[in-house]
Asker: 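I have a structure I would like to understand better, so I am pasting it below and will then ask my questions one at a time.
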Amino acid sequence: MIDYSYKLVTAGTDRSGEEKIKSSSFLTLLHYTGVKYWPFSLLPALVGTTLPFWLNKGFTFNWLTAVEFILATVLFQSGFFMLQKGFNDSTASKKIKYQLLVAGCICLVATVLLVLHLNSKLYLNPGVYQHIFLLFGFASFFLGVLFILPPIRRSKNVIGDYIYCVGIGMMPVLGAYLVQAGDLHRTVYLASFPIVFSTALWLWISRLASRAEDEKKGRTTIITLFPSQFSARYLTLLITVGIYASIIIAIVGRSSLSPFALIAFVSIGFAYKIIHISLNEDKNEMLIAQKLAFRIHLITSAAIILSSLTGIIGLVMI
């Protein structure tokens, strides 16, 4: 009698091994797309998608357009992240670098196709420049190229820090709002500033944590322009206050945000901890502060998204 037990066990082991390999490959792929940084563009895109409910009561929400723009945002960020890895990662083999460059280009080509499709379906308000969305797309790509492509890349200096905050914090808000509302105006820019500031805080704390390493390698970041104590203590405080001040200004100034956006102030405890940690300038604690800064970014974005959706209640009551 033939014993099949060994074959069944080994077959099960082989399948388990294959599943682990596939799982590992998938996780590696996600790592190379910069998945852990996706929230920094996805959250602003969701903010821009929901803002019309508050600012443009009576507009018709387009689910397909929203999904397309969010997909384009993910492909855009993933594409440039992989290109950056392909150009700059000294630890990767030539084969992996080549694969990253090819994959990055594919993502960006797919982004262009989505942008063109969105533009073909775009209904603009009277008086709005007819190619405004294409101009927005070009500006976004220009910032991406300026940030990562050699020899002009600015990802590791002062200009790069500014590009990151504007490109990741503001541009997705503007683009997502434009494809839904068919217009851009100053109230939308004002509404995006809390996201820009919360992005800047996370980046600022990240730079503080790596300051010693950057100085050793001769990198000039926005942090290294200022004395150590001034950067850590006073400028951290200024950026943190900027988040909450910009929310108040957006609500009071032009009603860019719903008063319910003040929910973001529940994160003020995290802000206090960040300021306290920055006074000590301890590298290990700065890593904790970096996580707290991300939580503030998450809470600020969620507060604006949820507060904008209160506009739906107004539509129902009308």
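Worth saying up front: this structure is predicted, and the values here are computed from it rather than measured.
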Asker: Could you check whether Trp54 and Thr310, counting side-chain N and O atoms only, form a donor-acceptor pair closer than 3.5 Å?
Answerer: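 Side-chain D/A pair, Thr310 to Trp54: absent.
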Asker: Assign the ring pair Phe61 / Phe53 to parallel, tilted or perpendicular, where the plane angle (0 to 90°) is split at 30° and 60°.
Answerer: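 Rings of Phe61 and Phe53: tilted, 30 to 60°.
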Asker: Applying side chain to side chain contact (heavy atoms under 4.5 Å, CB included), name anything that partners Val252, two or more places apart in sequence or on another chain.
Answerer: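 For Val252, the residues satisfying side chain to side chain contact (heavy atoms under 4.5 Å, CB included) (neighbours in sequence not counted) are Ile248.
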Asker: Sub-3.5 Å donor-acceptor pair from the side chain of Gln180 to the main-chain atoms of Asn62, do we have one?
Answerer: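 Looks like yes, one N/O pair under 3.5 Å.
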Asker: Donor-acceptor pair, Ser78 side chain versus Leu75 backbone, under 3.5 Å?
Answerer: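 Side chain of Ser78 to backbone of Leu75: no pair is present.
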Asker: Under a 4.5 Å cut-off applied to non-hydrogen side-chain atoms, are Met171 and Ser41 in contact?
Answerer: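 No. Closest side-chain heavy atoms not under 4.5 Å.
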Asker: Once you measure the plane-to-plane angle for Phe133 and Phe69, does it fall in the parallel (<30°), tilted (30-60°) or perpendicular (>60°) bin?
Answerer: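 Plane angle between 30° and 60°, so tilted.
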Asker: Between Ile251 and Ser258, is there a side-chain heavy-atom distance shorter than 4.5 Å?
Answerer: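 Ser258 vs Ile251: side chains apart.
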Asker: Do you reckon Val47 sits in the same ILVMFWY cluster as Leu178, going by side-chain contacts under 4.5 Å, direct or chained?
Answerer: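 Linked within one cluster.
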Asker: Surrounding NZ of Lys121 (heavy atoms of other residues, nucleotides or ligands, distance under 6.0 Å), is the total greater than 12?
Answerer: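 Yes, because the 6.0 Å sphere around NZ of Lys121 holds more than 12 heavy atoms from other groups.
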Asker: Could you tell me if the side chain of Arg295 sits less than 4.5 Å from the side chain of Ser267, heavy atoms only?
Answerer: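 Not in contact.
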Asker: In terms of ring plane angle, is the pair Phe138 and Phe142 parallel, tilted or perpendicular, where the classes change at 30° and 60°?
Answerer: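 Because their plane-to-plane angle is under 30°, the rings of Phe138 and Phe142 count as parallel.
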Asker: Once you measure the plane-to-plane angle for Tyr37 and Trp202, does it fall in the parallel (<30°), tilted (30-60°) or perpendicular (>60°) bin?
Answerer: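 The arrangement is perpendicular - the two ring planes meet at more than 60°.
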Asker: For Phe260, does the CZ atom have more than 12 heavy-atom neighbours from other residues, nucleotides or ligands under 6.0 Å away?
Answerer: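 Counting neighbours around CZ of Phe260, 12 or fewer heavy atoms of other residues, nucleotides or ligands fall under 6.0 Å, so no.
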Asker: In this structure, is the centre-to-centre distance between the rings of Phe197 and Tyr244 below 6.0 Å?
Answerer: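 For Tyr244 and Phe197, the ring centres are not under 6.0 Å apart.
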Asker: Are Trp38 and Phe40 near enough that their ring centres are under 6.0 Å apart?
Answerer: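 Trp38 vs Phe40: aromatic centres not under 6.0 Å.
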Asker: Compare all side-chain heavy atoms of Ile96 with those of Tyr32 and state whether any distance is below 4.5 angstrom.
Answerer: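 Ile96 reaches Tyr32 side chain to side chain.
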Asker: Less than 6.0 Å separating the ring centroids of Phe136 and His131?
Answerer: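 Ring centroids of Phe136 and His131 are no less than 6.0 Å from each other.
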Asker: Using modelled atom types only, decide if a donor and an acceptor are shared between the side chain of Thr300 and the backbone of His297 within a distance under 3.5 Å.
Answerer: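 Absent.
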Asker: Let's go through Phe193 and Tyr189 carefully: what are the C-alpha distance in whole Å and the side-chain angles of both, what is the deciding distance for ring pair (Phe, Tyr, Trp, His ring centres under 6.0 Å) to 0.1 Å, and is it a yes or a no?
Answerer: CA-CA 7 Å; Phe193 274 106; Tyr189 287 90; 8.1 Å; no
